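To start, the structure itself, in structure tokens.
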Amino acid sequence: MLDPKLLRQDLDNVVTQLAARGFTFDRERYEALEQARKTQQVATQDMQAARKTSSKKIGQAKAKGEDVAPLLAEVESLGDQLKQAEQGLSELLAELHDLLAGMPNIPHESVPAGLDEADNVEIKRWGEIPTFEFEPRDHVDLGEQIGGLDFAAGAKLAGSRFAVMSGGIARLHRALAQFMLDVHTQEHGYQETIVPLLVNKKALYGTTQLPKFADDLFHLQGELEYSLIPTAEVPLTNLLQDSIVEASELPVKMTAHSNCFRSEAGSYGRDTRGMIRQHQFEKVELVWAVHPDESWDALETLTRHAEVILEKLELPYRRMALCAGDMGFAATKTFDLEVWLPGQSAYREISSCSNTEAFQARRMQARWRNPATGKPELLHTLNGSGLAVGRTLVAVMENYQRENGEITVPEVLRPYMQNLESVALN
RNA sequence: GGAGAGGUGGCAGAGCGGUUGAAUGCACUGGUCUUGAAAACCAGCAAGGGUUAAUAGCCCUUCGUGGGUUCAAAUCCCACCCUCUCCGCCA
């Protein structure tokens with residue numbers, strides 16, 4: 001959520017900056033609503049003040065044993081008027097709030113211009129693209145060849161966009177998650193966290209999946225209104241919901257390995273082959289909550305933490321700065337990491353690291369106490385994948401494949417696999 | 001699932017229709033004292049929002065959440081949520 005004060009004070013700028021990411025703001029509606037709100041709020045609060053004063057007088061008079069009848073007559077009519085005014089106000093506030101809640105974050109000045117992924121800017125490349133003395137296969141073919149990656153089984157049990165892993169592939173997948181967690185907790189200083197995979201609406205609102213993106217989620221039926229998390233960013237970031245963190249406790253750095261569930265509504269026909277886009281996948285998530293002055297350094301550090309995983313795995317990647325129009329709703333700036341997939345001869349997204357500044361923190365009232373003023377102020381929150389485990393498995397399979405279909409186990413994973421040197425036929 | 005208890009400020013914990021945004025303690029901040037620190041003493045210290053040039057004043061809201069009664073609700077009524085204890089069931 002943007003700062004309502006910013007809209008009141010600098011609407012022109014907000015409108016143009018949001019236009020940069022392709023968002024059209026209904027300015028006239030906003031201005032009319034805001035005008036009405038102001039009038040209504042001042043009037044309502046005046047009436048509340050009047051009622052308060054009268055009630056106090058009545059209390060005092062009664063205590064002295066005086067006759068309160070005239071005072072009662074005075075406030076008699078106030079009740080209905082006030083009720084009406086309060087209702088009118090709350091309707092206006094709700095409408096304004098809905099309007100605000102639908103507005104995306106303002107892109108940082110360093111974000112490249114552009115409306116779609118064609119305008120994303122490559123920041124750097126790392127690693128050598130591997131060459132093969134044979135025609136490299138994609139992970140689907142590899143999985144078929146050595147077994148352990150079964151999409152038909154996934155479809156039988158659940159439907160499309162599900163897979164069953166088994167044997168060496170499943171083990172490799174588990175090793176990847178363990179490895180990532182160990183690096184982040186032991187080398188990068190994150191707090192390991194295990195979080196609920198089902199969350200409530202308030203949490204989803206806090207990280208901005210709601211109200212706008214309800215269709216991207218799986219919602220449980222039944223009297224309890226749970227949804228499956230699309231990313232551990234939701235529970236991790238919401239740990240700070242309605243709290244005030246001491247300055248000495250910053251930065252807060254948390255990591256969680258979790259399953260993630262996405263409906264993938266609107267992506268019919270995209271990435272239908274293989275593990276790239278599944279309804280259920282695993283991810284190791286990184287979340288920071290920081291002093292507002294430090295979020296830009298934090299974004300760089302966080303992104304590096306994700307890159308380190310790829311480098312340790314010796315997977316070639318590039319870092320992209322997303323253009324304004326390609327960024328997620330809550331982000332002021334996003335770096336995507338794209339890993340090289342020989343099966344597609346292309347770089348594919350494997351991590352997305354964003355600074356949301358106070359956008360999420362404002363919604364969830366995540367604050368820190370500024371020792372200089374003694375007052376609570378909004379934190380800045382960041383999140384990034386470190387990394388998407390399923391996609392990392394794909395990258396390992398395709399980059400480490402041998403002609404016979406076996407997968408060489410990357411050096412850093414071997415301690416997690418009893419020093420197994422390759423994954424062969426299941 | 002059954003029975004009971006409870007949800008109040010950063011934490012603990014009073015209040016149970018009327019100058020209560022809320023006693024008290026701890027924590028925190030400033031001061032006195034001290035070579036310095038601690039202790040002791042004194043003072044300050046909730047959050048959100050509105051108005052405004054203002055982080056100045058003034059005002060509103062908030063005692064789990066949502067409704068209701070009343071001139072007036074932390075206090076009374078209803079519903080829901082959560083926590084704890086016991087029993088049952090169960091990874």
Side-chain angles (χ1 to χ4, degrees), chain A residues 1-11 30 33-101 194 196-206 220 222-227 235 238-250 252 259 289 292-293 358 360-379:
Chain A
M1 181 104 83
L2 293 173
D3 186 351
K5 284 187 181 143
L6 183 66
L7 262 74
R8 285 180 213 143
Q9 290 166 0
D10 203 7
L11 187 59
Y30 166 77
L33 271 173
E34 171 57 20
Q35 177 78 42
R37 185 230 103 221
K38 188 164 172 171
T39 314
Q40 184 78 358
Q41 185 157 11
V42 170
T44 306
Q45 290 187 354
D46 281 350
M47 288 166 78
Q48 286 172 327
R51 179 191 58 185
K52 211 171 166 179
T53 325
S54 302
S55 292
K56 263 185 189 166
K57 266 196 224 161
I58 293 171
Q60 285 165 356
K62 244 188 170 171
K64 289 186 215 153
E66 294 169 8
D67 179 22
V68 294
L71 287 168
L72 283 175
E74 219 173 273
V75 282
E76 205 176 23
S77 60
L78 202 59
D80 283 345
Q81 280 179 37
L82 212 167
K83 203 165 256 182
Q84 249 180 335
E86 282 175 339
Q87 201 191 328
L89 178 62
S90 78
E91 280 166 16
L92 279 169
L93 287 175
E95 213 174 321
L96 253 178
H97 181 271
D98 287 351
L99 190 65
L100 277 259
I194 294 176
L197 305 183
L198 298 176
V199 293
N200 59 32
K201 288 194 164 157
K202 189 177 180 191
L204 289 163
Y205 172 78
L220 266 63
E223 50 185 312
L224 293 170
E225 298 197 83
Y226 291 130
S227 303
N238 274 286
L239 283 171
L240 296 159
Q241 177 195 100
D242 292 320
S243 64
I244 302 173
V245 181
E246 293 304 323
S248 59
E249 292 169 44
L250 297 178
V252 176
N259 284 283
D293 291 346
Q360 294 178 325
R362 184 170 293 107
R363 287 195 180 202
M364 63 177 79
Q365 285 299 307
R367 293 155 298 167
W368 66 291
R369 193 173 295 281
N370 186 343
T373 60
K375 294 292 172 195
E377 295 174 17
L378 294 174
L379 288 160

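Letters A, B, ... mirror the listed sequences (proteins, then strands); counts begin at 1. None of the values given here were measured: they were computed from a predicted structure.
Using atom C1' as the reference point in both G10(B) and A27(B), the two lie 8 Å apart (nearest Å). One C1' atom belongs to A38(B), the other to U75(B), and the distance between them is 43 Å to the nearest Å. Straight-line distance between the C1' atoms of U65(B) and A39(B): roughly 45 Å, to the nearest whole Å. A distance of about 33 Å separates the P atoms of C58(B) and C33(B), rounded to the whole Å. One C1' atom belongs to G1(B), the other to C11(B), and the distance between them is 35 Å to the nearest Å. For the C1' atom pair drawn from A91(B) and C82(B), the interatomic distance equals 23 Å after rounding to whole Å. The separation of G66(B) from G30(B), taken at their C1' atoms, amounts to 42 Å, rounded to a whole angstrom. Between the C1' atoms of C71(B) and A79(B), the separation comes to 26 Å (whole Å).
D293(A) CG: more than 12 foreign heavy atoms inside a 6.0 Å radius.
Phosphate contact (OP1/OP2 of C82(B), side-chain N/O of K202(A), threshold under 4.0 Å): absent. Here R362(A) does not reach the OP1 or OP2 of G49(B): none of its side-chain N or O atoms lies under 4.0 Å away. For U61(B), one of the phosphate oxygens OP1 or OP2 lies less than 4.0 angstrom from a side-chain nitrogen or oxygen of K52(A). Between R8(A) and U51(B) there is a side-chain N or O to OP1 or OP2 distance below 4.0 Å. The side chain of R51(A) contributes no N or O atom lying less than 4.0 Å from OP1 or OP2 of U70(B). A close approach under 4.0 Å does occur between a side-chain nitrogen or oxygen of R367(A) and OP1 or OP2 of G48(B). Between U62(B) and Q365(A), no contact under 4.0 Å exists linking OP1 or OP2 to a side-chain N or O.
In this structure G48(B) sits in a base pair with C60(B), meeting the Watson-Crick or G-U test at under 3.5 Å. Within the shown strands, G25(B) is the pairing partner of C11(B) under the Watson-Crick or G-U definition, both distances less than 3.5 Å. With a cut-off of 3.5 Å on both pairing distances, G36(B) has no Watson-Crick or G-U wobble partner at all. Both distances falling under 3.5 Å, in either a Watson-Crick or a G-U wobble arrangement, place A5(B) opposite U83(B). Of the nucleotides present, G18(B) is the one that pairs with C71(B) by Watson-Crick or G-U wobble criteria, both distances under 3.5 Å. The base-pairing partner of A91(B), taking Watson-Crick or G-U wobble contacts with both distances under 3.5 Å, does not exist among the strands shown.
N200(A) has its CG atom 14 Å from the C1' atom of C80(B), to the nearest Å. Summarising the geometry, the separation between CZ on R363(A) and P on G48(B) is reported as 18 Å, rounded to the nearest angstrom. Atom pair D242(A):CG and U65(B):C1' shows a separation of 13 Å (rounding to whole Å applied). Between the P atom of A47(B) and the CG atom of L378(A) lies a distance of 13 Å, rounded to the nearest Å. Taking atom CD on E246(A) and atom P on A27(B), their separation rounds to 14 Å, with Å as the unit. Atom CG of L82(A) and atom C1' of U61(B) are 12 Å apart (whole Å). A straight line from CD of Q9(A) to P of U55(B) spans 9 Å, rounded to a whole angstrom. The NZ atom of K375(A) sits 9 Å away from the P atom of C45(B) (whole-angstrom rounding).
Proximity of a side-chain donor or acceptor of R362(A) to a complementary backbone N or O of M1(A) within less than 3.5 Å is detected. Side-chain atoms of S90(A) come within 3.5 Å of backbone N or O of Q87(A) as a donor-acceptor pair.
Positionally, the nearest nucleotide of RNA chain B for Q41(A) lies more toward the 5' end than for the other of I58(A) and Q41(A).
In this structure, of C71(B), A47(B), U69(B), it is U69(B) that holds the atom nearest to the side chain of K83(A). For P376(A), taking side-chain heavy atoms from C-beta onward, the closest of the listed nucleotides G50(B), U61(B), A47(B) is A47(B). Distances from the side chain of K5(A) to the nucleotides A47(B), G50(B), U69(B) place G50(B) closest.
Here K83(A) does not pair with E86(A) in a salt bridge; the nearest charged N to carboxylate O distance is not below 4.0 Å.
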Could you give me the CA-CA distance, side-chain angles and deciding distance for E377(A) and N370(A), then say whether side-chain hydrogen bond (donor to acceptor under 3.5 Å, both in side chains) is met?
CA-CA 7 Å; E377(A) 295 174 17; N370(A) 186 343; 2.8 Å; yes
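Residue-level contact check: Q60(A) touches the bases, meaning some heavy atom is under 4.0 Å from a base atom.
Side-chain N/O atoms of K62(A) and base N/O atoms of G18(B) include a donor-acceptor pair closer than 3.5 Å.
With rounding to the nearest 0.5 Å, the separation of CH2 in W368(A) from CG in L378(A) is 11.0 Å.
Of all heavy-atom pairs spanning P196(A) and P235(A), the tightest one is O-CG, 3.7 Å.
Residues D242(A) and M364(A) form no side-chain contact, since every pair of their non-hydrogen atoms from C-beta on lies 4.5 Å or further apart.
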